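Written out below as structure tokens is the structure these notes cover.
Worth knowing before you read on, the calculation uses all heavy atoms, side chains too, and leaves out hydrogens, waters and symmetry mates. Note that the structure is predicted; figures quoted are calculated from it, not measured.
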Amino acid sequence: MTTQTPPGHQDAQGPAGALAPFRYPDFRRLWGATLMSNFGGLVQAVGAAWLMTQLTDSATLIALVQASNTLPVMLLAIASGALADIFDRKTLLMSALVFMTVVSLALAVVAWTGGLTPWLLLGFTFLLGAGQAVYNPPWQASMGDLVARRDLPAAVSLNSVGFNLMRSVGPAAGGIIVATLGAAAAFVVNAVSYLPLLGAMSRWKPQLAPRVTSPEPFMAAMGAGLRYVALSPNLVRVMARGALFGFAAIAVLALLPLVAKSHPQGGSLLFGGLLGCYGVGAIAGALLNPRIRARMDNEHVVRMAFAGFAMAALVLGLTESVWLHAAAMLPAGAAWVLALSLFNVTVQLSTPRWVVARALALYQTATFGGMAAGAWVWGAVAGAQGLDVALTAAGVVLLGGAAIGLWLRAPEFGTVDLDPVNRFREPALMLDLRGRSGPIMVMVDYRIDQADVPEFLRLMQERRAIRRRDGARNWALLRDLEHPGHWSESYHIATWDEYVRHNLRRTKTDAEVTVALRALHRGEGDPVVHRMIERHSVGPQDDVPLMGKLEIP
């Protein structure tokens with residue numbers, strides 16, 4: 001696994017200012033280039049959404065433009081997250097950017113020649129979404145590589161500010177471009193917008209930590225990410241709320257072209273203007289985000305975001321005034337940023353660096369999967385029951401999402417130290433093992449006084465969760481029948497390389513459990529660790545002893 005450390009990362013403690021990430025030249029350069037890329041992406045989104053209204057009257061197909069953008073994230077983000085935690089993130093990022101540039105140019109050519117059909121447009125949009133799905137996890141995970149840990153929330157918020165700065169002008173500009181030059185010109189703008197980001201990315205020289213083990217196998221890495229998240233209750237709660245928010249809130253964005261078209265004066269300019277109001281609200285939300293988080297806990301911020309977006313959906317569904325619709329998009333934009341930036345930061349600060357890209361990918365899979373499903377569902381409802389019914393129903397679901405917080409609270413972040421403990425030293429082995437040799441069985445012996453057994457068992461419950469989360473299998477706690485004070489913890493690891501990775505994943509918070517267990521140990525020295533390789537039958541060449549170090553009886 002490759003990890004990267006920004007300058008000053010080791011000193012990252014305490015609060016930081018909202019603009020502190022701009023102290024880092026790489027962040028500053030990439031943030032500026034990302035502005036241009038975001039602008040192009042928003043112009044392209046307006047072009048695709050409005051072009052679909054010209055190609056078909058089907059509410060379902062129009063809503064599927066949003067779904068084709070978000071569905072690839074659900075399908076590909078986990079794989080991208082695993083690749084980002086295994087290999088060089090910069091290479092992955094640049095490959096995704098080149099792919100999206102080529103697809104955008106191809107889309108522009110086909111649109112210019114008049115060959116686009118509704119399904120072909122959805123196909124190109126899906127491919128762009130696929131490129132974004134590959135790009136997002138390593139980019140989000142790179143925030144911790146570009147800035148110090150204390151500046152991470154500010155960096156995530158600045159990314160939201162940058163995106164929504166462009167959202168306040170990009171859709172309006174996209175509407176003008178589509179109205180005057182056509183949708184193909186919008187697609188050309190998107191292709192060109194990737195070039196500054198490619199240039200900035202090529203100048204970035206991330207600091208790579210030396211690799212201790214061989215790269216984690218791809219499927220094993222995906223499994224490790226799934227296992228870590230599944231055994232982390234805080235992450236599961238964040239992803240559940242993110243999926244629900246995405247499912248209900250996407251109704252506003254997916255159906256907004258139909259809202260604009262429903263007005264007598266509606267057109268691509270009105271559509272771009274409504275999205276511009278949404279972007280202005282999002283900028284306000286991003287700028288107010290630090291103050292709001294300072295005054296409210298995470299759960300109340302999430303409830304406010306759900307309620308704010310619900311209000312916008314209800315206004316769009318129950319009123320016909322253009323001005324009320326424009327005003328409703330302001331709180332919708334703010335609510336979007338408040339919710340998604342908080343979810344993003346919570347995942348990043350609740351996950352150690354070795355698995356952060358995979359955790360972010362799973363969060364994006366849940367959230368964007370909710371968006372993809374919501375875009376399809378609300379489009380189908382609008383087609384069958386009408387636009388007003390779909391938006392009103394989405395508003396009711398959002399209000400329900402706020403109420404769910406009474407039982408499924410959003411966790412607070414930053415309460416545990418997830419920096420690696422870095423105390424593990426690979427032991428000197430007397431067998432000539434390869435990295436893939438295994439399975440490995442580990443036993444740790446303890447001597448525990450009877451009076452300390454309740455506390456020992458409590459700590460072992462925590463130890464079991466840590467072991468399983470970090471890759472151990474078949475964990476068991478054994479007690480000697482003849483010597484009840486003798487206890488043994490046992491577990492299995494697939495290979496020796498995986499055992500090394502298992503120990504390197506230990507965080508400083510995890511180490512507190514180890515220290516507490518050692519304090520209960522009444523034997524001489526530290527608890528004794530036995531590392532054994534399992535063999536049901538042994539061939540003459542298996543597990544050859546190192547010459548001069550071990551005699552075979």
Side-chain angles (χ1 to χ4, degrees), residues 45-46 48-75 118-119 121-122 125-126 129 240-264 266 270-271 274-275 277-278 305-322 324-329 331-333 335-336 339-340 365-404:
V46 171
W50 193 252
L51 181 58
M52 185 62 85
T53 68
Q54 307 305 304
L55 295 173
T56 179
D57 291 326
S58 169
T60 300
L61 285 174
I62 292 170
L64 282 178
V65 174
Q66 283 289 337
S68 63
N69 259 320
T70 53
L71 182 62
V73 177
M74 183 182 71
L75 297 177
W119 288 105
L121 176 58
L122 289 176
T125 308
F126 182 91
R241 298 294 289 281
L244 180 57
F245 184 81
F247 173 81
I250 198 63
V252 170
L253 296 177
L255 299 176
L256 198 60
L258 291 175
V259 173
K261 197 175 181 180
S262 68
H263 291 287
L270 176 58
F271 177 49
L274 291 174
L275 282 176
C277 292
Y278 182 84
F306 268 93
F309 221 102
M311 182 187 72
L314 292 171
V315 169
L316 291 175
L318 299 176
T319 69
E320 297 181 358
S321 167
V322 172
L324 284 177
H325 289 178
M329 297 306 293
W336 184 272
L340 296 188
T365 297
T367 303
F368 282 82
M371 292 179 192
W376 179 80
V377 168
W378 301 122
V381 172
Q385 303 295 327
L387 181 62
D388 296 349
V389 172
L391 289 166
T392 302
V396 172
V397 173
L398 284 161
L399 290 175
I404 284 176

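The ring pair (Phe, Tyr, Trp, His ring centres under 6.0 Å) search around Phe368 returns none, not counting sequence neighbours. Listed by chain and residue number, nothing satisfies the side chain to side chain contact (heavy atoms under 4.5 Å, CB included) test with Val396 (two or more places apart in sequence, or in another chain). Partners of Ala326 under the side chain to side chain contact (heavy atoms under 4.5 Å, CB included) rule, at least two apart in sequence or in another chain, are Leu274, Cys277. In this structure Pro257 satisfies the side chain to side chain contact (heavy atoms under 4.5 Å, CB included) test together with Ala49, Thr53, Ile62, Phe271, sequence neighbours excluded. Evaluation of the side chain to side chain contact (heavy atoms under 4.5 Å, CB included) rule for Ala48 yields Gln44, Val65, Leu121, Thr125, Phe187 as partners, not counting sequence neighbours.
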- Can you list the steps and then say if Phe245 with Leu398 is a side-chain contact (heavy atoms from CB on, under 4.5 Å)? CA-CA 7 Å; Phe245 184 81; Leu398 284 161; 4.3 Å; yes

- Take Leu316 and Met329, measure what side-chain contact (heavy atoms from CB on, under 4.5 Å) needs, and give me the verdict at the end. CA-CA 9 Å; Leu316 291 175; Met329 297 306 293; 4.0 Å; yes

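When every heavy atom of Pro331 is checked against every heavy atom of Gly308, the shortest pair comes out as CB-O, 4.3 Å. The two residues Val389 and Gln385 have their closest heavy-atom pair at CG2-O, 3.5 Å. Closest non-hydrogen pair, Gly401 versus Leu244, comes out as CA-CD2, 3.5 Å. The minimum heavy-atom distance linking Ala312 with Ala332 is given by the pair CB-CB, 3.6 Å. Residues Ala251 and Ala394 share a closest heavy-atom pair of CB-CB, 3.5 Å. Scanning all heavy atoms of the two residues, the minimum distance from Ala305 to Ala339 falls at CB-CB, 3.7 Å.
Here the rule is side-chain contact (heavy atoms from CB on, under 4.5 Å) with Trp378, and of Val252, Leu391, Leu255, Leu253 only Leu255 fits it.
In this structure, Phe309 and Trp336 have tilted ring planes: the angle between them lies in the 30° to 60° band.
The CG atom of Leu324 sits 11.0 Å away from the CG atom of Leu318 when rounded to the nearest 0.5 Å. Considering CG of Leu55 and CE of Met52, their distance stands at 6.5 Å, rounded to 0.5 Å.
Pairs of residues two or more places apart, or lying in two chains, that qualify as side-chain hydrogen bond (donor to acceptor under 3.5 Å, both in side chains) and include a residue from residues 312-322 are Thr319-His325. Every pair passing salt bridge (Lys or Arg N to Asp or Glu O under 4.0 Å) that includes a residue from residues 240-260 is listed here, sequence neighbours excluded: Arg241-Glu299. Among residue pairs with one or both ends in residues 384-403, none qualify as salt bridge (Lys or Arg N to Asp or Glu O under 4.0 Å); sequence neighbours excluded.
When side chains are defined from C-beta on, Lys261 does not count as touching Leu270, because their heavy atoms never get closer than 4.5 Å. A heavy-atom distance below 4.5 Å is found between the side chains of Trp119 and Leu61.
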